[in-house]
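Every chain is numbered from 1, with letters handed out A, B, ... down the list of sequences. No experiment lies behind these values; they were computed from the predicted model shown. In what follows, every heavy atom counts, from backbone to side chain, and hydrogens, waters and symmetry copies are set aside.
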Amino acid sequence: MNSLVIAGLLLVLLGVAYQSGWSRSRALATTNGVKVHSRPQYHGSYVAIWALVPALLVVGLWAWLGDGITHNFIVSQIPVETLQSLDQTGLNATIGRINALASGYGVAGEVLPYEQTAGDALRSFQFITFLVVIGAAAVAGVAALLYARSRITARHRARNAVERVINIALLACSAVAILTTVGIVASLVTEAIRFFSFISPLDFFFGTVWNPNNAGSAGNWGSYGLLPLLVGTLMITAIAMLVAVPVGLMAAIYLSQYAHRNLRAVAKPIIEILAGIPTIVFGFFALVTVGPFLRDAGNLVGLDINATSALTAGVVMGIMIIPFVSSLSDDILNQVPRTLRDGAYGLGATKSETIRNVLLPAALPGIVGAFLLAVSRAVGETMIVVLAAGNAPVLRGNPFEPVATITVSIVNQLTGDTDFAGPQSLVGFALGLTLFVITLCLNIFALYIVRRFREQYE
Amino acid sequence: MTQQSVNSAMNPTDALERPIRLTARDVTVHYGAKQALHGISIDIPDRAVTSFIGPSGCGKSTFLRCINRMNDTIEGAKVGGTIKLDGEDIYDPSLDVVELRARIGMVFQKPNPFPKSIYDNVAYGPKIHGLAKSKTDMDEIVVSSLRKAGLFEEVKDRLNEPGTGLSGGQQQRLCIARAIAVGPEVILMDEPCSALDPIATAIIEELIDELRENYTIVIVTHSMQQAARVSQRTAFFHLGNLIEEGVTEDIFTNPVNKQTQDYIMGRIG
Amino acid sequence: MTQQSVNSAMNPTDALERPIRLTARDVTVHYGAKQALHGISIDIPDRAVTSFIGPSGCGKSTFLRCINRMNDTIEGAKVGGTIKLDGEDIYDPSLDVVELRARIGMVFQKPNPFPKSIYDNVAYGPKIHGLAKSKTDMDEIVVSSLRKAGLFEEVKDRLNEPGTGLSGGQQQRLCIARAIAVGPEVILMDEPCSALDPIATAIIEELIDELRENYTIVIVTHSMQQAARVSQRTAFFHLGNLIEEGVTEDIFTNPVNKQTQDYIMGRIG
Amino acid sequence: MATDTLSTSQASVERTRLIRASLRKRHLSEAIFRVLGLAAIILALGFVALLFVDIVRKGAPAFTQSNLHLAVTFDPALIKADPAPVRAEGQSDADFQAANLKWQRDLALLNWNKVIEASLRAAAPAGYDIDTKEILSIAETDARHEVREMFVADPTLLGKTVDVDVLASANAVNWIRGNIDRSLGDAQQQLSAPARALIDEFVANGTITNGFAWSIFTNVDSRAAPASAGLLGAFVGTLWMMLIVIFLAVPIGVASAIYLEEFAPKSRLTDFIEVNINNLAAVPSIVFGLLGAAVFINYMHLPISAPIVGGLVLTLMTLPTIIIATRGALLGVSPALRQAALGMGASKTQMVFHHVLPVTFPSILTATILGVAHALGETAPLLLIGMKAFVAAVPATPLDQATALPVQIYLWQGNENRNFFEPRTAAAIMVLLLVMICLNGVAIYLRSRLEKRA
Amino acid sequence: QSRDTIQVAGSSTVLPFASIVAEEFGAAFPEFKTPVVGSGGTGGGLKQFCEGVGDNTIDIANASRKIKDSELEACTAAGVTDIREIQFGYDGIVFASSASGPDFALTPLQVYKAIAAKVPVDGALVDNPYTKWSEIDPSLPDQAISLAIPGTNHGTREVFQLEVVDAGAEEAGLPEGLSDEEKDAALTTFRQDVVIEISGDYTETLARLSSNPDTVGVFGLSFYEQNTDTLKVATINGVVPSPESVAAGEYPVSRPLFFYVKGQHIGVIPGIEEYVQFFLSEQMSGAGGALEAAGLIPQPAEKTAEVLAAFEAGAQ
Ligand SMILES: Nc1ncnc2c1ncn2[C@@H]1O[C@H](COP(=O)(O)OP(=O)(O)OP(=O)(O)O)[C@@H](O)[C@H]1O
Ligand SMILES: Nc1ncnc2c1ncn2[C@@H]1O[C@H](COP(=O)(O)OP(=O)(O)OP(=O)(O)O)[C@@H](O)[C@H]1O
Ligand SMILES: [Mg+2]
Ligand SMILES: [Mg+2]
């Protein structure tokens with residue numbers, strides 16, 4: 001409500017400022033016929049920016065300091081004797097009660113008279129400060145408007161100023177990417193540190209047993225060994241790559257080197273459809289179709305394959321990654337200069353010899369980079385594993401058995417019936433951090449390799 | 001530098017007397033809808049250098065690529081007419097193009113050594129064609145090819161270093177050595193010097209002059225001077241047509257065709 | 001075709017008498033570590049065509065781009081020395097480069113109309129510089145600019161069609177019209193005809209000859225013939241240096257410098 | 001010279017022999033390689049085909065629903081309620097509202113199942129032996145609300161008999177379709193023997209018929225009445241999130257791409273940003289979920305399970321993709337165009353916004369649609385920000401609780417009434433895939449159209 | 001203007017019940033919107049619940065266990081001082097095996113013997129020797145032991161531990177003189193070869209059963225009831241799990257289910273009181289009510305009346 005009012009007022013200010021700058025500039029151009037440096041739109045925007053920024057500053061300042069001021073106000077409303085009798089928790093509770101009273105939410109139990117008066121005072125205080133803030137913002141905005149308007153002359157370079165502001169805004173947008181990374185790292189690290197206050201990092205990173213205790217058993221947290229999850233992750237990733245790499249690479253080779261144009265025009269987009277299919281769909285497919293199929297196929301040949309197993313998840317994940325591998329490989333094969341291919345053909349090499357002996361070795365670094373990117377995608381994949389891998393965090397090497405991965409454990413620990421302040425759920429963040437670091441390293445390494453490869457043929 | 005190689009060129013009439021190795025009749029090429037060659041007929045003599053000249057885009061490279069069927073590798077390229085090597089139609093479906101390319105080697109505009117060692121670059125052709133029975137056989141082929149290409153002395157100590165580490169001129173000679181290693185009868189060269197500096201160019205020109213004794217050579221060049229220096233016969237292409245063809249000296253001093261004259265005088269192109 | 005334009009060229013001495021519009025003193029340009037210009041000093045007279053000639057890579061374009069500060073847009077380019085337009089230093093930090101470029105228009109080697117309608121192409125400059133008060137104003141500017149560029153008759157029925165749909169020569173004239181629309185004092189042209197066929201070239205050359213009456217024109221060309229045909233003054237660049245500069249006729253018939261002689265005789269480049 | 005020729009020609013004969021000798025083997029390995037490639041393509045295409053066929057085969061049945069045609073009698077004996085309040089002279093709005101609400105609430109407290117039961121019995125053969133619970137298990141539990149709402153809307157129905165279509169219950173559907181093996185014994189069936197027999201009777205006499213399941217598109221999720229569960233809520237939730245993604249990710253993404261590609265000086269900072277963005281593009285989506293949980297929910301106190309949080313998380317996830325694609329597009333703009341603009345005296349900003357951006361618009365649009373399509377199917381991060389909730393309402397604003405299509409799929413696949421929900425999950429997947437393919441199709445269409453125009 | 005939709009979050013066990021109530025509540029009370037029921041686990045729900053008072057915090061937390069003291073403290077510190085506990089019924093946990101397999105009649109002791117890594121034999125702990133059920137007790141089928149139990153992220157695991165494992169261990173008689181830690185280990189260390197801990201949902205357990213038909217799995221009563229075509233339930237101590245047997249206290253493996261209401265939101269967020277009353281009404285959580293059909297085990301009506309009375313007393 002309040003913010004809506006403020007936003008509305010700011011918009012009005014913006015409009016007025018723009019209009020006044022615009023008309024001023026227009027007037028300059030028509031009256032004395034001199035050449036005005038910038039177009040009226042720029043002068044309008046210039047004044048608008050000038051007016052908006054101080055107003056926003058005032059509002060922002062209040063948003064920043066307001067809470068502290070309000071807090072002090074509330075404390076000042078509590079009788080001194082009461083204040084002295086309260087410890088920190090008690091004080092917080094009292095402040096909470098007063099806040100609740102002021103905002104119209106009831107409080108439990110009897111409302112003490114001082115609480116009631118404090119609540120009423122707080123309500124009027126909030127109303128008054130609201131008016132004051134709006135007033136201050138308006139005054140600042142209008143003053144800045146007038147100042148900016150007075151600066152408009154024929155030679156005034158409003159365009160340059162406005163463009164500088166646009167530039168800064170663009171810079172701010174690209175800072176979002178950094179903020180995201182900072183946000184990821186900060187949120188993962190703070191929570192992970194809390195986790196490590198319960199469980200030693202050694203036990204976490206080198207533990208071989210994953211058995212977090214349930215929420216009920218306070219004190220005994222259980223074991224949080226990462227290794228079973230890591231092994232599960234790696235196993236599924238390996239199976240996925242075993243499916244995706246040969247199929248994806250051969251498909252890319254066939255499509256780019258052998259296939260008729262028509263086949264390519266049809267097959268390429270169809271394969272790329274696979275890349276657009278949500279992973280939950282693959283998960284369902286794995287759960288209800290691929291898993292039972294593999295189990296039955298296993299029975300036929302006398303293998304004991306679980307319907308939900310590393311194999312099921314890995315195979316389906318491999319299918320999902322095929323387009324990723326094939327389109328990256330395709331790009332990279334296409335980047336190998338044609339002259340190299342011609343060189344081999346010119347010597348009388350057959351197509352497959354050219355591909356195997358010349359193209360692939362030349363493209364190898366790039367392809368390895370592409371595979372690493374695919375690996376990092378497999379490592380971070382969640383929904384297929386949630387549905388089809390069987391969620392068994394046990395350290396073992398049999399791909400026909402269910403396994404758990406890092407991602408799926410994050411989901412389990414954070415959405416299960418776990419104690420929110422204990423390691424049971426905090427471990428999710430430690431796992432997230434581990435995952436982040438693993439994929440980060442993979443990505444950096446892969447990007448480095450791919451970039452080196454690109455440079456080689458630039 | 002050019003003085004010497006022009007001197008060493010054999011008597012022009014000599015080339016005329018040599019047996020014809022390659023004959024092309026009415027060769028046309030379409031790239032998709034676009035016709036790049038409009039019926040080229042030419043005879044190319046044995047053990048002589050024939051050069052193709054003409055303004056950019058006139059179809060020199062296209063015709064050259066017809067000769068060892070490199071156009072097969074270009075999607076949408078369609079070749080018509082006949083080209084015969086020693087009387088054998090190279091577009092005969094029963095002919096194995098792999099074998100053909102072993103007989104007709106090619107050197108490209110930009111030196112394109114494989115990203116392998118110098119040794120492996122030269123050995124690659126003999127290896128895939130199964131020309132060497134043993135390691136020593138192979139060593140011999142590699143060394144003699146590098147020698148013929150005039151590169152051996154320069155690289156003998158670093159045969160295992162990557163071929164891409166050589167200078168441009170050395171790379172081009174490596175590519176020539178690579179082509180020679182398969183023992184071709186004809187060598188096609190598409191502007192082999194255009195990416196090289198004058199000194200490297202002179203070395204390659206000399207090399208071509210030497211190779212002429214054992215190989216039939218066809219070279220595309222954009223430099224008339226180069227054509228005059230290295231070739232015994234010259235063919236002038238324009239807009240997909242073969243305008244005029246004959247003994248180099250005649251073409252340059254006494255062109256019959258008006259367009260050839262214009263080109264040589266620098267009025268077109 | 002060239003006969004007529006050469007005839008219409010003013011008496012060479014005429015150009016010398018015209019007031020100097022642009023003066024460059026000791027202009028140097030570095031691209032990163034590489035120095036592309038080594039101190040160029042030249043005076044460019046008003047309402048005459050000055051042409052820059054020289055072998056490829058000698059710095060003609062670089063110097064041209066200095067004149068309207070297009071080099072500012074190249075990362076790593078550093079310009080030294082002074083260039084003055086009517087006595088005003090164009091590298092003065094207080095000078096607005098956008099305004100400068102409105103005064104010094106530029107036409108590029110490859111015709112580069114905006115992917116907009118013909119009308120919008122011409123109207124763009126006046127729009128951003130706020131030169132037209134009303135729609136009729138703008139119409140007038142567009143029509144007169146197209147007229148001056150000799151394009152109006154050809155396109156008047158399709159002003160709303162995209163400029164990219166025109167032929168190469170028309171596109172180049174559209175680019176000239178676009179430059180004229182801003183009302184520049186100087187027009188720089190970087191090999192404006194090199195992408196055009198001879199007929200389009202002739203039309204542009206004629207156009208340049210007409211424009212000379214109202215604008216100071218600097219043109220870079222790789223064709224000495226063109227320089228001789230269209231320009232009153234010629235400057236010869238070589239390896240980043242201004243070798244010789246003077247009345248066109250003198251430069252071509254009577255070059256003082258040995259290098260200029262070599263270039264004109266076709267011995268270098 | 002002559003001997004030389006002789007020896008070389010001998011050598012060449014020998015060479016030709018050698019080459020021919022190995023040719024067959026080489027062509028064979030060529031053929032094998034080719035077949036392997038073709039096999040890979042066929043395999044990949046086969047996977048696509050298998051997946052689609054499988055899902056469609058599984059999901060198609062869920063697009064039909066079993067309707068129960070009942071003649072419902074609004075028997076005054078069962079519906080013992082006051083007459084609907086009529087607005088008295090001079091009664092205030094609020095009073096009338098209150099009276100009306102009270103009347104409605106009284107109605108709600110009635111046992112409408114009795115009405116349903118009566119009409120079911122009326123449809124059954126006379127004197128059919130079946131108890132109340134069993135006969136009610138045939139109709140879906142929301143039938144009573146449907147009937148009540150009819151009555152609320154039109155109180156004059158009292159005492160009348162009208163034809164009403166209600167849904168057959170999920171268990172009835174299981175029986176009709178044979179989702180549970182019909183030969184299994186009583187103990188293993190969800191419905192009692194009399195109920196099953198009566199259903200068969202109903203199917204035979206046309207009381208139960210099949211129709212297209214519009215309810216999947218028009219209803220929200222339901223647990224109380226599984227047969228009526230639909231996707232509308234999840235769909236709208238997804239829509240909100242996509243709107244947020246489009247309105248945030250696209251401008252921010254394009255702006256940062258413009259900055260990095262056009263304005264940024266080459267510095268450590270921009271290098272860092274670049275590396276950063278490339279990395280973000282490959283950070284697992286679940287990590288974004290962790291970020292969302294920690295930052296948007298715990299720190300910024302945005303409402304849990306709300307599309308706004310989902311939208312923000314997906315925005316951050318899509319941003320790098322859009323930035324990278326846009327930068328690629330900007331990089332592809334010819335320098336000639338830039339020079340033309342600058343040469344005209346356009347400032348850099350004008351150059352970018354007037355010329356470069358319009359030219360790259362098709363690519364940016366395509367990248368955006370593909371990015372949004374990807375975000376649309378993302379599930380894992382949503383689970384961590386509480387979008388796994390049961391929401392039986394259409395979210396009216398992005399601040400309301402909602403689920404999303406992929407999450408709805410996840411929820412349905414885990415539903416305990418598996419026999420009924422497995423087809424329904426596949427049907428939901430079909431809807432999701434359709435949306436996906438439409439988006440991709442639009443992207444391809446727009447790209448080809450806009451590129452042609454340019 | 002405050003929120004007008006009740007927000008609920010918490011235990012995934014309670015989720016289906018709360019969802020049904022929410023839906024019916026929305027249908028029955030025209031003046032209120034349908035409450036939103038999130039999951040996130042008991043802990044997650046209580047975490048949100050204890051975040052404070054106001055629009056951005058939830059009104060009701062579902063829980064499959066009682067709130068812990070530490071959580072209460074967190075609540076108080078954040079100003080959530082009026083917390084009302086509602087117990088509304090029981091959750092039954094059943095052992096079920098493949099419908100085509102033999103019948104099982106289990107006791108906690110047998111289950112303990114089947115899953116514990118070490119079992120007491122003659123007063124000492126030895127490695128678990130049993131491979132077949134029949135080796136534990138001749139009355140059990142001659143079938144390899146395989147058990148799928150809920151993972152520790154499930155609330156169900158707590159009941160399983162308490163009512164089956166701990167009870168079985170007591171019956172088996174752990175050796176005297178074990179330290180607390182050893183005792184804890186004896187109770188919580190299971191055989192990795194035959195015990196499968198399921199971190200996913202019951203669908204996952206079912207998948208294990210169809211992979212290996214010898215497996216005996218732990219399910220929620222409602223899940224079992226919906227899947228009688230593939231599952232067969234085992235008796236515990238000879239008692240068949242059913243609402244009646246649980247409510248009567250005969251079937252041991254059950255736990256009470258709760259939800260917690262934030263008193264400060266009553267009267268601010270419309271409908272909270274009505275929701276609670278509706279939840280506890282006969283037609284919902286009572287015997288024969290809608291929730292029973294969904295697998296809830298109703299508690300005695302007197303207990304419900306007591307809970308409701310306590311709630312309403314707090315609501316004054
Ligand atoms: N792969 C191709 N696809 C389509 N057109 C082609 C292809 N290669 C060449 N062309 C066209 O065929 C014509 C002849 O090309 P070609 O490369 O033979 O010319 P050229 O004489 O070698 O020219 P240059 O001196 O520039 O190498 C040209 O118009 C060219 O554009
Ligand atoms: N952007 C750039 N970065 C680095 N070096 C450059 C750049 N532009 C030009 N150069 C170098 O500066 C020198 C002069 O280039 P310039 O383009 O001015 O030559 P030019 O005389 O116009 O040649 P041409 O006739 O080929 O256009 C050349 O050696 C060129 O390689
Ligand atoms: Mg060529
Ligand atoms: Mg130039």
Side-chain angles (χ1 to χ4, degrees), chain A residues 159 163 166-167 169-171 173-174 176-178 180-181 183-184 187-188 191 246-247 250-251 253-255 258 267 270-271 273-274 276-281 284-285 287-289 319 322 350-352 373 376-377 380 382-383 387 407 410-411 414-415 428-429 432 435-436 439-440 443-444 447, chain D residues 26-27 29-30 33-34 36-38 40-41 43-45 47-48 51 54-55 58 252 255-256 258-260 263 273 276-280 282-287 290-291 293-295 316 319-320 323 347 349 373-374 377-380 383-384 388 406 409-410 413 422 425 429 432-433 436 440:
Chain A
R159 181 177 49 68
E163 282 175 357
I166 292 178
N167 217 322
L170 293 177
L171 172 65
C173 284
S174 52
V176 170
I178 298 189
T180 310
T181 310
I184 289 177
S187 55
L188 292 185
E191 302 285 299
V247 178
M250 282 311 285
I253 289 175
Y254 189 86
L255 281 183
Y258 284 100
I270 292 185
I271 293 179
I273 286 183
L274 278 175
I277 293 177
T279 56
I280 177 91
V281 176
F284 180 75
F285 179 59
L287 180 69
V288 302
T289 305
I319 296 175
I322 287 175
T350 63
K351 220 163 183 170
S352 66
L373 287 177
S376 85
R377 172 164 276 221
T382 312
M383 292 320 289
L387 292 183
T407 51
I410 295 176
V411 173
L414 284 175
T415 62
F429 291 90
L435 185 64
F436 180 74
T439 51
L440 187 74
N443 293 332
I444 291 183
L447 288 172
Chain D
R26 291 173 66 197
H27 285 307
S29 76
E30 168 79 19
F33 192 76
R34 216 188 149 106
L36 281 179
L38 194 61
I41 296 285
L43 208 61
L45 295 184
F47 283 142
V48 182
L51 191 129
D54 187 55
I55 300 247
K58 285 212 163 64
I252 296 180
S256 12
I258 290 175
Y259 180 77
L260 292 174
F263 293 99
I273 296 182
N276 227 304
I277 288 170
N278 281 327
N279 274 319
L280 277 182
V283 165
S285 59
I286 193 160
V287 172
L290 289 172
L291 168 78
V295 172
L316 293 184
L319 255 184
I323 296 177
S347 68
T349 315
H374 187 222
E378 199 52 71
T379 321
L383 298 183
L384 299 192
K388 205 177 130 188
I409 291 170
Y410 178 69
Q413 73 66 39
E422 200 168 290
T425 309
I429 287 180
L432 180 64
L433 283 182
M436 211 86 198
N440 281 283

### Query
Taking D:Val287, D:Ile277, D:Asp54 one by one, which has the highest count of heavy-atom pairs under 4.5 Å against chain A?
D:Asp54

#### Entry: Closest contact, heavy atoms only, A:Ser187 versus D:Ala294
CB-CB, 3.3 Å

### Query
Tell me, side chain or backbone of A:Leu440 under 4.5 Å from chain D's heavy atoms, or both, or neither?
both

### Message
Taking side chain as everything from C-beta outward and backbone as N, CA, C, O, which of these in D:Phe263 sits under 4.5 Å from a heavy atom of chain A? Side chain, backbone, both or neither.
### Response
side chain

### Summary
Scored by heavy-atom pairs under 4.5 Å with chain D, the best of A:Ile277, A:Thr181, A:Val411, A:Thr439 is A:Thr181

#### Entry: Rounded distance [0.5 Å steps], CZ in A:Phe436 versus CG in D:Leu291
10.0 Å

### Query
Going from CG on D:Leu260 to CG on A:Leu171, what distance comes out if it is rounded to the nearest 0.5 angstrom?
8.5 Å

#### Entry: D:Leu36 versus chain A, the contacting section by heavy-atom distance below 4.5 Å
both

### Summary
Interatomic distance, CD1@D:Ile409 vs CD1@A:Ile280, rounded to 0.5 Å, equals 6.0 Å

#### Entry: Contacting moiety of D:Leu38, where chain A heavy atoms sit under 4.5 Å
both

### Task
Go through the atoms of D:Leu432 and report whether side chain, backbone, both or neither lie under 4.5 Å from a heavy atom of chain A.
side chain

### Query
Rounded to the nearest 0.5 Å, how far apart are OG1 of A:Thr350 and CZ of D:Phe33?
9.5 Å

#### Entry: Top of D:Asn278, D:Leu43, D:Asn440, D:Val295 for chain A proximity - count of heavy-atom pairs under 4.5 angstrom
D:Asn278

### Summary
Scored by heavy-atom pairs under 4.5 Å with chain D, the best of A:Val176, A:Leu373, A:Val288 is A:Val288

### Query
Of the non-hydrogen atoms in D:Ser347 and A:Arg159, which two are nearest, and what is the gap between them?
CB-NH1, 3.4 Å

### Task
Go through the atoms of D:Gln413 and report whether side chain, backbone, both or neither lie under 4.5 Å from a heavy atom of chain A.
side chain

### Query
What option among A:Ile273, A:Leu255, A:Thr279 has the most heavy-atom pairs under 4.5 Å with chain D?
A:Leu255

### Task
Go through the atoms of D:Leu383 and report whether side chain, backbone, both or neither lie under 4.5 Å from a heavy atom of chain A.
both

### Task
Side chain from CB out, backbone as N, CA, C, O: work out which of these in A:Ile184 comes under 4.5 Å of a heavy atom of chain D, or both, or neither.
both

### Residue selection (most heavy-atom pairs with chain D, distance under 4.5 Å) from A:Ile166, A:Ile270, A:Asn167, A:Ile322
A:Asn167

### Task
Please look at D:Asn279 and chain A and tell me whether the side chain, the backbone, both or neither of the residue comes under 4.5 angstrom of a heavy atom of that chain.
both

### Query
What pair of heavy atoms forms the shortest contact from A:Ser174 to D:Tyr259, and how long is it?
OG-CD2, 3.4 Å

#### Entry: Smallest separation among heavy atoms of D:Ile41 and A:Ala267, with atom names
CG2-CB, 4.4 Å

### Task
Check each atom of D:Ala44 against the heavy atoms of chain A and say whether the ones under 4.5 Å are side chain, backbone, both or neither.
both

### Minimum heavy-atom distance A:Ala177-D:Asn276, with the two atoms named
O-OD1, 4.0 Å

### Task
Specify the closest pair of heavy atoms between A:Thr407 and D:Ile286, including all atoms of both residues, with the distance to one decimal.
O-CD1, 3.5 Å

### Query
Highest number of heavy-atom pairs under 4.5 Å with chain D: which of A:Gly380, A:Gly428, A:Ala251?
A:Ala251

### Task
Taking the side chain as every heavy atom from C-beta outward, state whether D:Leu433 and A:Pro278 have any atom pair closer than 4.5 Å.
yes

### Task
Mind running side-chain contact (heavy atoms from CB on, under 4.5 Å) on A:Thr382 and D:Thr379 for me, showing each step along the way?
CA-CA 9 Å; A:Thr382 312; D:Thr379 321; over 6 Å; no

### Query
At a heavy-atom separation under 4.5 Å, does D:Leu280 approach chain A through its side chain, its backbone, both, or neither?
side chain

### Query
When rounded to the nearest 0.5 angstrom, what is the spacing between CG in D:Leu51 and CZ in A:Phe284?
10.5 Å

### Task
Under 4.5 Å, counting heavy-atom pairs only, tell me which of D:His27, D:Lys58, D:Met436, D:Glu30 racks up the most with chain A.
D:Glu30

### Flag side-chain contact, heavy atom, 4.5 Å: A:Ile271 against D:Phe47
no

### Task
For residues D:Leu290 and A:Leu414, determine if any side-chain heavy atom of one lies less than 4.5 Å from a side-chain heavy atom of the other.
yes

### Message
Is there a side-chain contact between A:Phe285 and D:Ile429 in this structure, where contact means two heavy atoms from C-beta onward sitting under 4.5 Å apart?
### Response
no

### Gap separating the CZ atom of D:Arg34 from the CD1 atom of A:Ile253, nearest 0.5 angstrom
13.5 Å

### Message
Less than 4.5 Å to any heavy atom of chain A: does that hold for the side chain of D:Pro406, its backbone, both, or neither?
### Response
both

### Task
Under 4.5 Å heavy-atom distance to chain A, tell me which part of D:Leu319 shows up: side chain, backbone, both or neither.
side chain

### Query
So what's closer than 4.5 Å to chain D heavy atoms on A:Leu387: side chain, backbone, both or neither?
side chain

## Note on the structure
Checked D:Ala40, D:Pro320, D:Ser29 vs chain A; the most non-hydrogen pairs under 4.5 Å come from D:Ala40

